[in-house]
Amino acid sequence: MVIVLEEKLNQTGYEEIVGFLKREGINFQEIEGKRVLHLTVAREKEDLLSALKSFPQVMTVLRTGQDYQLVKTPQTPLEAAGITWGGRKIPIIAGPCALEDEGQFIALAKRLQELGVQAIRGALYKPRTSPYSYQGIGAKGTATLNRARDLGLVVVSEVMDNAQLNVLYPVADILQVGSRNMKNYSLLKELGRQDKPVLLKRGLSATYREFLLAAEYLLAEGNQRVILCERGIRTFETHTRNTLDITAVPVLKELAGLPVIVDPSHGTGNWRYVPPMAMAAVAAGTDGLMLEVHPDPARALSDGCQSLTVDRFSSLLKKLQRVARAVDREIDGESEVTGYARD
Ligand code: PEP
Ligand code: MN
């Protein structure tokens, strides 16, 4: 951390700030005479930054490091729910936005499994903008999630608050924290204490730092199995539901040691744009994809507009396999026989 002091600072003002640093046990070096001080701190805590800024003689405080530390530890490849995240293989989580009906969900689960998918998504609880929109089937859906698990699928389901954990913990292999809850710190602390992997989605307007600090909450409580998910951010563009920030993939992988996956369904809000953005994510180095797939999107109770039909999903999978090969990665699934594959 670097602090820039007022140009016409007198000795008393200088001693006051130096006295503060000494009392706090912070080592520092003078850079430009007595005007710029370089502070050696293990972690650039928000509280210290704020305290320094409160001194009238401090003009600027610049971060040169970070206030997160645990997320930096390399955790990849990460074994979570029997799947390797951040290895050569790129796992796919596919399924409907919400679990709507048992028969429909299990039939879809079987189709997805035939296509090579290992993990199915399906929320029992939906965070909806309007209270009049479909809110999810709730605890009634647990038996259906268990049936999907009996097929051998890994179940990913969203937990919106601490109370829902009682329902979801026994039936979800990976607990999802949705975008709206990325800053629900009491939920993050609770999930940090659980022995279950967490898929943490980026908040609608969260910076990388805020996203990583949310992950830090989980890690600080002891949960090491954290998967980050870029799902688009809110920008001035209104044509798409969100703006999928593909840059987040290389940046977050550089800043954190955690696997980073991408959700182009919520990232675009339109099924037409899901295939190109899914391919872009693979090309950019994603460690996984989350894709909404519905057998009948026009009748879906939520997010039908951004859901792929099974046929569209199946043809996308083949394209994704080709992109993955081009960047030395692999995607499971029934492979297309091409000249390249035969070679
Ligand atoms: C979801 O994945 O079901 C979801 C609600 O996504 P997000 O939290 O990214 O909006
Ligand atoms: Mn959805």
Side-chain angles (χ1 to χ4, degrees), residues 91-100 104-105 108 112 117 119-131 133-138 141 145 148 154-161 164 168 171-184 187-188 191 197-206 210-211 214-215 218 226-235 240-246 248-249 252 260-271 273-274 277-278 281 286 288-309 313:
I92 311 256
I93 305 165
C97 180
L99 192 166
E100 300 169 4
Q104 183 198 60
F105 189 78
L108 177 66
L112 293 174
V117 168
I120 189 162
R121 53 159 292 140
L124 304 186
Y125 300 102
K126 288 306 308 168
R128 304 303 298 278
T129 302
S130 163
S133 300
Y134 181 62
Q135 302 286 308
I137 195 168
L145 291 186
V154 164
V155 165
V156 182
S157 203
E158 175 162 355
V159 52
M160 284 161 54
D161 58 46
Q164 288 174 1
L168 288 162
V171 291
D173 299 290
I174 300 181
L175 295 163
Q176 176 174 325
V177 176
S179 198
R180 293 158 188 82
N181 266 318
M182 191 212 80
K183 288 194 179 182
N184 181 340
L187 177 64
L188 295 176
L191 295 179
V198 175
L199 192 156
L200 178 65
K201 298 189 92 176
R202 181 178 180 187
L204 271 81
S205 56
E210 288 166 331
F211 190 18
L218 295 163
V226 178
I227 300 160
L228 302 174
C229 179
E230 162 57 40
R231 48 76 72 205
I233 47 172
R234 181 164 285 188
T235 66
T240 46
R241 180 176 179 178
N242 290 294
T243 298
L244 187 65
D245 178 15
I246 296 277
V249 176
L252 293 172
V260 180
I261 75 162
V262 173
D263 168 0
S265 306
H266 293 88
T268 61
N270 187 326
W271 62 269
Y273 310 132
V274 171
M277 296 319 284
T286 191
L289 284 170
M290 174 176 258
L291 298 164
E292 285 188 335
V293 181
H294 195 282
D296 188 1
R299 290 194 177 77
L301 299 180
S302 63
D303 288 351
C305 56
Q306 64 193 37
S307 299
L308 299 170
T309 60
F313 172 71

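In each ligand, atom 1 is the first atom listed, and ligand 1 is the first ligand listed. For the numbers below, each heavy atom of this structure counts, side chains included, while hydrogens, waters and symmetry mates do not. Remember, predicted model here, so these are calculated numbers, not experimental data.
- Between the side chains of Asp303 and His294, not a single donor N or O lies within less than 3.5 Å of an accepting N or O.
- Closest to atom 10 (O) of ligand 1 among all protein heavy atoms lies Arg231 NH2, 2.8 Å.
- For the pair Lys126 and ligand 1, a heavy-atom separation below 4.0 Å is found.
- Residue Lys201 has at least one nitrogen or oxygen atom sitting less than 3.5 Å from a nitrogen or oxygen atom of ligand 1, judged on distance alone.
- Not one N or O on the side chain of Asp245 forms a donor-acceptor pair closer than 3.5 Å with the backbone of Glu230.
- Residue Ser179 has at least one nitrogen or oxygen atom sitting less than 3.5 Å from a nitrogen or oxygen atom of ligand 1, judged on distance alone.
- Checking side-chain atoms of Ser179 against main-chain N and O of Leu204 turns up a donor-acceptor pair under 3.5 Å.
- The distance from ligand 1 to the heavy atoms of Gly178 drops below 4.0 Å at these ligand atoms: 8 (O).
- With respect to the Mn ion (ligand 2), Glu292 has OE2 as its nearest N, O or S atom.
- Proximity of a side-chain donor or acceptor of Ser265 to a complementary backbone N or O of Leu291 within less than 3.5 Å is not detected.
- Annotation: atom 4 (C) of ligand 1 to nearest protein heavy atom, His266 NE2, 3.4 Å.
- Per residue Asp303, closest N, O or S atom to the Mn ion (ligand 2): atom name OD2.
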Notebook entry, point to check: Between Leu112 and Phe313, is a side chain to side chain contact (heavy atoms under 4.5 Å, CB included) present by the stated rule, with each step listed?
Noted result: CA-CA 9 Å; Leu112 293 174; Phe313 172 71; 3.7 Å; yes
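- Cys97 SG to Arg128 CZ: the interatomic distance, rounded to the nearest 0.5 Å, is 6.5 Å.
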